[in-house]
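Okay, structure first, notes after.
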Amino acid sequence: MEPYVAEYTAWLTKEEQYQKTAYEPFLEQFWEIARLLRPLAPDQVWAYTLWQHNVEKPRRKSLLAAHAPDAPGISLLMPLTNADADDLETSLASVLAQSSPHWELCLTAASSLSQPMQKLVEKYAARDTRIHVQFLNDARDLSTLANTALEMARFNWVCLLHQEDRLAKDALACCSQALADAPDTLLLFTDAVEINEREFPAKPYCQKSTWDEELLRSGDFAGLPIFQTAHLRKIGAFRSEAGSALKYDVLLRYSAEKARSSFLHLPFLLFHKRALQADSDIHRLESARCVLEEHLNNELPGTTVSIKHSYFQPHYPHPDPFPSVSLIIDMTGEQTLALLESYLQVICTKTAYKNVEICLLYDAEIPLAQRARAKRLAASDQRLSLHAMANASPQAERLNCAVQEAHGEILGFLRGDVLPLTEGWLEELVSVLCRKHVATVAGKLISRDQRTLHAGYLVDAEGILKPLFHDLPRTDSGYLGYNCRATSVDALDGLCLFTKRATWSQNAGFDACKQEACVQDFCLRLGETGLRNVWWPYVEFLVQKPLPPQDDLSMLRPGHSTLPNLCILGSTLSLS
C-alpha cells in the first residue's frame with residue numbers, strides 16, 4: 001500500500017500547487033475579461049465559479065477577519081425521517097466540517113427510524129459531543145420532532161435543517177460573526193445555491209438585501225434563516241398543521257408585523273440545497289399553500305391562495321364598500337385626442353367598478369376640433385373631466401394639479417397609452433392597495449411585441465435606480481420566478497401607479513424638483529418610512545409606447561443597495 005499512499009500524497013501536493021500557480025491566476029484573468037461583459041449569466045457554472053472566487057469569497061474573508069470572540073453559538077435542529085442515508089451523511093459531514101466551533105446539532109427521530117439511519121446517526125454522535133440525539137416513541141409528525149429538537153437547543157439562535165441540506169464550510173462562522181456585529185437582529189437570512197446532479201453548486205439564489213413580506217407571500221425565499229430561540233418559542237414554534245412546510249409556516253408567523261430593519265440579510269451563498277423531486281415538490285407546495293392561506297385569512301378573512309408557475313398567488317377580498325377612485329389619465333404629449341373614446345371604452349369594459357371618476361390631462365394646444373370633441377364626450381359621461389395643461393409642463397406639476405382637482409380616496413395614475421388587459425383589473429389593484437403597510441401598487445406592463453416593459457425598479461449596488469426585467473418575454477417567469485411573483489420594489493413609475501390620497505397628502509405629493517422622475521422619488525420616500533411599493537404581475541397592461549430613456553429615469557441613492565449580489569450576476573434580474 002505504501003507506494004499508492006505516496007503517489008496519492010504527491011497528487012495532493014501537485015493539486016495544491018496547480019490551484020495556486022495556475023487555476024487561481026486563470027480565474028482572476030478570466031474575471032477581468034468577464035467583468036467587461038456584465039451582466040454574467042447566473043445559470044452558467046463558469047459564471048458562478050468566477051463570481052464566487054473573485055467576489056463572494058473575498059467578502060466572506062473580510063467578514064470573518066473581524067473575529068468577534070463572543071460570537072454567538074447556533075443550535076441546528078434536524079428532525080429525521082426515513083429517507084436517503086447518503087443525503088443525510090453528506091449533510092452531517094457538512095456540519096462537522098464547519099470552521100466555527102460555536103454550534104450544536106440537535107437530531108430527533110422516531111424510534112421506528114430504519115436501522116441503517118440509526119447507525120449512521122449514532123456514528124456521527126460518537127464522533128462529536130456537540131451532536132445530540134433523541135429517539136421518540138410517540139413522534140406523531142414532523143412538528144413533534146422539530147419541537148423536541150428545539151427543547152434540546154441551548155444556544156440563543158436556532159436554524160431548522162432538512163436532512164438533505166448542506167452548509168458551506170464557513171456558513172455558521174459567517175452567521176455568528178454577522179449576529180455579533182448586529183446584536184439587535186431578530187432574524188438573519190442568507191442566500192442559497194442549488195446543487196446539480198454532479199454535486200456542484202451551480203444555481204445561485206441571490207436575494208434582495210431587504211426583507212420582502214410581499215415576496216414571502218408567493219413562496220419561501222429566505223435561504224438559511226437563523227431565528228432567535230426565545231422568540232421562536234414565544235410564537236409557538238412548529239405547528240402540526242404545517243405538515244411538511246414547517247420552515248415556511250414559522251417564517252410567516254415569525255416575521256408578521258415586524259420591522260424590516262430587524263431582519264438582517266447576509267448576501268453569501270452559505271446554504272446548499274438539492275432540487276426537489278416532482279412528487280416531493282408537489283406535496284410541499286400544497287402544504288405551504290394551505291399554511292399561507294390560513295396565515296392570510298387570520299390577517300384578512302376571505303383571502304384565498306392559488307398556485308401559479310410553482311409559486312403562490314393570493315386573492316384578497318374586495319373592500320366593502322369600495323373606496324372612490326380617481327383615474328388620472330395623462331395624455332399630455334399626444335398630438336390628438338381622436339382615440340379618446342375608444343381608449344375610455346377599453347378601460348371601462350374591463351372593470352365593473354362603480355365609484356370611479358376619470359380625470360383626463362391633455363395639452364392645451366391641441367387642435368380646437370379635438371378639444372370640442374373631447375368636451376362633447378365629457379358632457380355625455382359624468383365620470384369624465386378634462387384638464388388642459390400648459391405645453392411641456394413637468395410631470396410633477398401635471399400630476400399634483402390633477403390630484404387637487406380630483407375627488408377619489410384612491411388615486412390611479414396611468415399614461416395615456418396604457419390599456420388594461422385583465423378583467424376586473426381595477427377591483428384587484430384596489431384590493432391589493434387597501435392592505436396594511438402597502439403604499440403603492442402597479443400591474444405588469446407589456447409592450448406591443450409581448451415583452452415585459454419593466455417590473456418596477458430596484459437600486460443596484462452602485463446606487464442607481466434601474467428597471468427590472470426590461471424586454472423579458474411576457475410569459476418567461478425570469479430569475480427565481482420574479483417575473484410572475486408579486487414583490488416589493490424600491491419604486492414604480494408614472495406609467496401605472498395606484499396610491500391612497502391620504503398617503504399622497506401625508507408625503508407632500510410629487511416633488512417638482514425631480515421633474516420626470518418624481519413618481520420614482522415619491523416611491524423611494526415612501527419606502528424609507530417602512531411602507532411597501534408592490535409590483536403585482538397578475539394584473540397586466542398593454543403599453544403602446546416604449547419606456548422613456550434610462551438617463552431620464554436614473555436616480556442616485558448613495559450608500560443604499562437593494563441588490564448586493566445581483567449587480568454582479570446582473571442578468572438574474574435583467575437589469576437594463
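Keep in mind that what you see is a predicted model, and the values were worked out from it rather than measured. FYI, the numbering just counts along the sequence from 1.
- Leu300 places a side-chain heavy atom less than 4.5 Å from the side chain of Pro317.
- Side-chain contact, His295 with Asp249: no donor N or O sits under 3.5 Å from an acceptor N or O.
- Taking the six-membered ring for Trp and thresholds of 30 and 60 degrees, Trp536 and Tyr538 have ring planes more than 60 degrees apart, a perpendicular arrangement.
- Here the closest non-hydrogen pair linking Ala110 and Leu145 is N-CD2, 3.8 Å.
- In this structure, the side chains of Leu150 and Arg233 come closer than 4.5 Å at one or more pairs of heavy atoms.
- Contact check on Lys273 versus Asp165 returns no salt bridge, with no Lys/Arg side-chain nitrogen under 4.0 Å from an Asp/Glu carboxylate oxygen.
- Using a distance-only test at 3.5 Å, with no hydrogens or angles considered, a donor-acceptor pair links the side chain of Asn297 to the main chain of Glu293.
- Between Phe155 and Trp157, the ring centre distance reaches or exceeds 6.0 Å.
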Yes or no on side chain to side chain donor-acceptor pair (under 3.5 Å) for Thr487 and Lys208, after CA distance, side-chain angles and deciding distance?
CA-CA 11 Å; Thr487 182; Lys208 296 182 290 184; 2.9 Å; yes
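- Asp141 places a side-chain N or O within donor-acceptor distance of the main-chain N or O of Thr144, the cut-off being under 3.5 Å.
- Judged by distance alone, with hydrogens and angles left aside, the side-chain atoms of Ser94 form a donor-acceptor pair with the main-chain N or O of Ser91 at under 3.5 Å.
- The side-chain heavy atoms of Cys106 and Met78, taken from C-beta on, include no pair separated by under 4.5 Å.
- In this structure, the side chains of Lys258 and Glu213 stay at 4.5 Å or more apart for every pair of heavy atoms.
- Gln134 places no side-chain N or O within donor-acceptor distance of the main-chain N or O of Thr108, the cut-off being under 3.5 Å.
- When every heavy atom of Cys484 is checked against every heavy atom of Pro537, the shortest pair comes out as C-CG, 3.7 Å.
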For Arg435 and Glu214, run salt bridge (charged side-chain N to carboxylate O under 4.0 Å, His left out): C-alpha distance rounded to whole Å, both residues' side-chain angles, the deciding distance at 0.1 Å, then the answer.
CA-CA 11 Å; Arg435 294 181 295 136; Glu214 211 66 46; 2.8 Å; yes
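- For Tyr254 and Phe227, the ring centers sit closer than 6.0 Å to each other.
- A distance of 11.5 Å separates OG of Ser477 from NZ of Lys308, quoted to the nearest 0.5 Å.
- Remark: Asp87 engages Arg166 in a salt bridge, criterion side-chain N to carboxylate O under 4.0 Å.
- Tyr316 places no side-chain N or O within donor-acceptor distance of the main-chain N or O of Glu428, the cut-off being under 3.5 Å.
- Between Val158 and Ala153, the closest heavy-atom pair is CG1-CB, 3.9 Å.
- Within the 4.5 Å cutoff, the side chain of Leu76 has no heavy atoms near those of the Leu160 side chain.
- The backbone N or O of Gly73 sits nowhere less than 3.5 Å from a side-chain atom of Ser176 that would complete a donor-acceptor pair.
- Judged by distance alone, the side chain of Gln228 and the main-chain N or O of Thr185 form a donor-acceptor pair under 3.5 Å.
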Intermediate values then yes/no, side-chain contact (heavy atoms from CB on, under 4.5 Å), Ser244 and Arg284:
CA-CA 6 Å; Ser244 59; Arg284 287 194 189 180; 3.6 Å; yes
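- Between the side chains of Ser488 and Asp212, at least one donor-acceptor pair of N or O atoms lies under 3.5 Å.
- Within the cation-pi definition used here (under 6.0 Å to the ring centroid, within 45° of the axis), Arg217 does not qualify as a partner of Phe312.
- Taking all atoms of both residues into account, the shortest heavy-atom contact from His272 to Ala168 is NE2-CB, 4.1 Å.
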Quick one, His132 with Leu105, criterion side-chain contact (heavy atoms from CB on, under 4.5 Å). Give me CA distance, side-chain angles, the key distance, then yes/no.
CA-CA 6 Å; His132 317 299; Leu105 176 60; over 6 Å; no
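- Salt-bridge annotation for Glu89 and Lys123: present, with a side-chain N of the basic residue lying under 4.0 Å from a carboxylate O of the acidic one.
- Ring planes of Tyr482 and Phe469: perpendicular class, angle over 60° (limits at 30 and 60°).
- Checked by atom type and distance alone, the side chain of Thr452 never pairs as donor or acceptor with a backbone atom of His454 at under 3.5 Å.
- Closest of all the heavy-atom pairs between Asn137 and Ser111 is OD1-OG, 3.2 Å.
- A salt bridge links Arg289 with Glu286: at least one charged nitrogen is closer than 4.0 Å to a carboxylate oxygen.
- In the model, Thr303 has no side-chain atom that pairs as donor or acceptor with a side-chain atom of His315 under 3.5 Å.
- Using a 4.5 Å heavy-atom threshold, the side chains of Ile235 and His231 count as touching.
- Inter-residue side-chain proximity for Leu96 and Ile131 is flagged as met; some heavy-atom pair is nearer than 4.5 Å.
- Residues Asp184 and Ser262 bring no donor and acceptor atom of their side chains to less than 3.5 Å of each other.
- Glu104 and Ser75 are linked by a side-chain donor-acceptor pair at a separation below 3.5 angstrom, with hydrogens and angles left out of the test.
- No side-chain heavy atom of Tyr124 sits under 4.5 Å from any side-chain heavy atom of Leu107.
- Using a 4.0 Å cut-off between charged side-chain N and carboxylate O, Glu540 and Arg474 make a salt bridge.
- To the nearest 0.5 Å, the span separating OG on Ser209 from CG on Leu266 amounts to 12.0 Å.
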Do Ile74 and His102 pass the side-chain contact (heavy atoms from CB on, under 4.5 Å) test, and can you show the C-alpha distance, the side-chain angles, and the key distance before you say yes or no?
CA-CA 6 Å; Ile74 298 173; His102 308 301; over 6 Å; no
Show your working on side-chain contact (heavy atoms from CB on, under 4.5 Å) between Asp220 and Leu251 and close with a plain yes or no.
CA-CA 8 Å; Asp220 181 11; Leu251 281 170; 3.3 Å; yes
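- Scanning all heavy atoms of the two residues, the minimum distance from Ser218 to Arg485 falls at OG-NE, 2.8 Å.
- At a cut-off of 3.5 Å, with distance as the only test, a side-chain donor of Gln177 or Asp181 sits close to an acceptor on the other residue.
- Checked against the 6.0 Å centroid threshold, Trp211 and Phe189 count as a close aromatic pair.
- At distances below 3.5 Å, not a single donor-acceptor pair connects side-chain atoms of Asn82 with backbone N or O atoms of Leu113.
- The pair Glu299-Lys436 does not count as a salt bridge, with every side-chain nitrogen at least 4.0 angstrom from each carboxylate oxygen.
- Distance check: Leu142 CG to Asn147 CG gives 10.0 Å after rounding to the nearest 0.5 Å.
- A distance-only check finds no donor-acceptor pair linking the side chain of Arg59 to the backbone of Pro267 [under 3.5 Å].
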